[in-house]
Amino acid sequence: MKGILSHDEADKCLDVLEETYPDAKCELEHKSPFELLVATILSAQCTDVRVNKVTEEMFKKYNKPEDFANMDIKTLEGLVKECGLYRNKAKNIKASSNVILEEFNGKVPETIKDLMKLPGVGKKTANVVASTCFGVPAIAVDTHVFRVSNRIGFVSENNVEKTEKALENKIDRDRWTKAHHLFIFHGRRCCTARSPKCQACPIKDFCRYYEET
DNA sequence: CTCCCGATAT
DNA sequence: ATATCAGGAG
């Protein structure tokens with residue numbers, strides 16, 4: 001039975017994940033910070049495949065804050081409906097577009113603090129945009145990062161806030177953003193929520209959950 | 001804590 | 001049938 005990984009073991013575990021997923025990166029398709037912001041808002045409780053399918057069509061016509069700020073809300077709801085939670089998401093995309101135009105001179109803010117001033121943007125979405133678009137070191141704890149990091153034993157926390165802090169202490173700052181993408185890739189391809197592929201897992205030697213199964 | 005929520009995998 | 005999917009607000 002393994003316990004919580006030490007800083008050193010965590011580092012070696014990330015090395016293995018990096019070899020396993022050399023192309024780990026943001027999988028939400030986007031051509032600008034604003035497009036990534038919209039895609040990330042849409043990604044709540046929805047697969048990235050579905051989000052990409054919706055945004056590919058939508059961004060052909062609408063891809064700037066000006067396009068969404070005054071859009072008819074029913075029209076926007078129709079565009080994003082397939083992503084689920086569509087009334088909240090449409091309202092937040094429109095409202096955030098207005099705040100960007102009125103408070104941030106039409107440009108997506110670059111700090112986590114400012115990003116969180118946008119309606120519908122919490123810590124996780126702010127971390128994704130800041131780290132992916134603006135090079136701010138951050139570990140966005142989404143459902144995959146939470147499940148994988150706690151299941152393996154990188155950390156042992158019962159909510160996303162504590163998990164983010166614990167991961168920041170466990171991982172060197174210059175690996176934060178990469179680690180975030182590695183956890184997501186591993187969570188999607190191997191360490192899935194239901195019936196994880198433990199026998200084929202490249203980091204089972206590090207994993208306390210594997211010892212239990 | 002509950003609510004928002006359609007689409008897919010199991 | 002139901003768990004899950006790159007969460008956030010009230």
Side-chain angles (χ1 to χ4, degrees), chain A residues 17 21 23-30 33-59 73-74 76-100 108-109 112-134 136 138-151 154 157-164 167 176-200 213:
Chain A
L17 287 177
Y21 312 109
D23 56 339
K25 63 177 184 342
C26 177
E27 293 189 288
L28 293 168
E29 290 171 22
H30 61 284
F34 180 73
E35 285 193 358
L36 180 60
L37 175 67
V38 172
T40 309
I41 288 174
L42 290 177
S43 72
Q45 299 295 293
C46 177
T47 62
D48 66 308
V49 175
R50 173 70 44 193
V51 172
N52 287 337
K53 199 169 294 181
V54 166
T55 56
E56 182 182 7
E57 275 309 304
M58 185 166 74
F59 290 160
I73 194 64
K74 292 296 179 188
L76 185 49
E77 286 177 2
L79 288 169
V80 303
K81 186 158 191 165
E82 291 179 26
C83 294
L85 309 179
Y86 65 93
R87 278 185 286 245
N88 286 334
K89 290 175 181 177
K91 177 158 54 73
N92 289 331
I93 290 168
K94 177 169 177 172
S96 283
S97 295
N98 275 298
V99 174
I100 289 170
V108 175
I112 292 167
K113 186 181 174 188
D114 280 345
L115 281 162
M116 287 181 67
K117 293 176 182 171
L118 304 174
V121 177
K123 189 66 189 298
K124 177 255 167 179
T125 299
N127 281 5
V128 166
V129 175
S131 62
T132 301
C133 295
F134 305 120
V136 177
I139 304 175
V141 180
D142 60 25
T143 185
H144 296 300
V145 175
F146 179 75
R147 180 186 66 254
V148 174
S149 64
N150 280 290
R151 182 184 274 171
F154 256 76
E157 305 295 343
N158 58 3
N159 67 51
V160 293
E161 295 83 11
K162 291 182 192 172
T163 296
E164 182 177 349
L167 283 173
W176 285 0
T177 302
K178 173 63 81 173
H180 154 74
H181 288 131
L182 291 171
F183 283 136
I184 291 178
F185 265 57
H186 189 56
R188 287 221 180 94
R189 293 157 179 71
C190 183
C191 195
T192 48
R194 298 168 77 173
S195 56
K197 304 175 175 69
C198 291
Q199 300 308 320
T213 57

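Residue numbers start from 1 in every chain, and the chains themselves are labelled A, B, ... in the order their sequence lines are given, proteins ahead of strands. Not measured: the values here are computed from a predicted model.
Between C:dC5 and A:Arg194, no contact under 4.0 Å exists linking OP1 or OP2 to a side-chain N or O.
When all heavy atoms of A:Ile112 and A:Ala138 are compared, the pair lying nearest together is CD1-CB, 4.2 Å. Closest approach of A:Leu76 and A:Met58 over heavy atoms only: CD1-SD, 4.3 Å. Across all their heavy atoms, A:His144 and A:Phe183 have their closest contact at CB-O, 4.4 Å.
The interatomic distance linking A:Phe146 (CZ) with C:dT4 (P) rounds to 13 Å, in whole Å. When rounded to the nearest whole Å, the span between NE2 of A:His144 and C1' of C:dC5 equals 7 Å. Taking atom CG of A:Asn127 as the reference point, atom C1' of C:dG8 lies 14 Å away to the nearest angstrom. Atoms NZ (A:Lys53) and P (C:dC5) sit 18 Å apart, rounded to a whole Å. One can place CG of A:Asp142 at 15 Å from P of C:dT4, the figure rounded to the nearest angstrom. In this structure, A:Asn159 atom CG and C:dG8 atom C1' are separated by 15 Å, rounded to whole Å. We find that CG of A:Asn52 is positioned 11 Å from C1' of C:dA6, with the value rounded to whole Å. For the pair A:Ile139 CD1 and C:dA6 P, the computed distance is 19 Å after rounding to whole Å.
Counting non-hydrogen atoms under 4.0 angstrom, A:Thr125 reaches the backbone sugars and phosphates but no base. As judged by a 4.0 angstrom heavy-atom cut-off over every strand, A:Val160 is placed among residues making no nucleic acid contact.
Across the P atoms, C:dA6 and B:dT2 are found 24 Å apart, a figure rounded to whole Å. Rounded to whole Å, the separation between the P atoms of B:dT8 and C:dG8 comes to 24 Å.
Two residues, A:Pro119 and A:Cys26, neighbour DNA chain C, and the one matched to the more 5' nucleotide by heavy-atom proximity is A:Cys26. Of the residues near DNA chain B, A:Ser195 and A:Lys81, the one whose nearest nucleotide (by heavy atom distance) lies more toward the 5' end is A:Lys81.
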- Worked check of salt bridge (charged side-chain N to carboxylate O under 4.0 Å, His left out) between A:Glu164 and A:Lys123: CA-CA 10 Å; A:Glu164 182 177 349; A:Lys123 189 66 189 298; 2.8 Å; yes
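Between A:Lys89 and A:Asn92 there is no side-chain heavy-atom pair separated by less than 4.5 Å. At least one side-chain heavy atom of A:Leu118 sits under 4.5 Å from a side-chain heavy atom of A:Leu37. The side-chain heavy atoms of A:Ile184 and A:Val145, taken from C-beta on, include a pair separated by under 4.5 Å. Looking at A:Arg151 and A:Cys191, their side chains come closer than 4.5 Å, going by heavy atoms from C-beta outward. Between A:Leu85 and A:Gln45 there is a side-chain heavy-atom pair separated by less than 4.5 Å.
Take A:Tyr21 and apply the ring pair (Phe, Tyr, Trp, His ring centres under 6.0 Å) test, not counting sequence neighbours, and it matches A:His186.
Using a 4.0 Å cutoff on non-hydrogen atoms, the parts of residues 35-50 of chain A near DNA chain B are A:Gln45, A:Arg50, ordered by number. Remark: nothing in residues 86-96 of chain A comes within less than 4.0 Å of DNA chain C through any heavy atom.
When distances are taken from the side chain of A:Leu85 to each of C:dT2, C:dG7, C:dC5, the shortest belongs to C:dG7.
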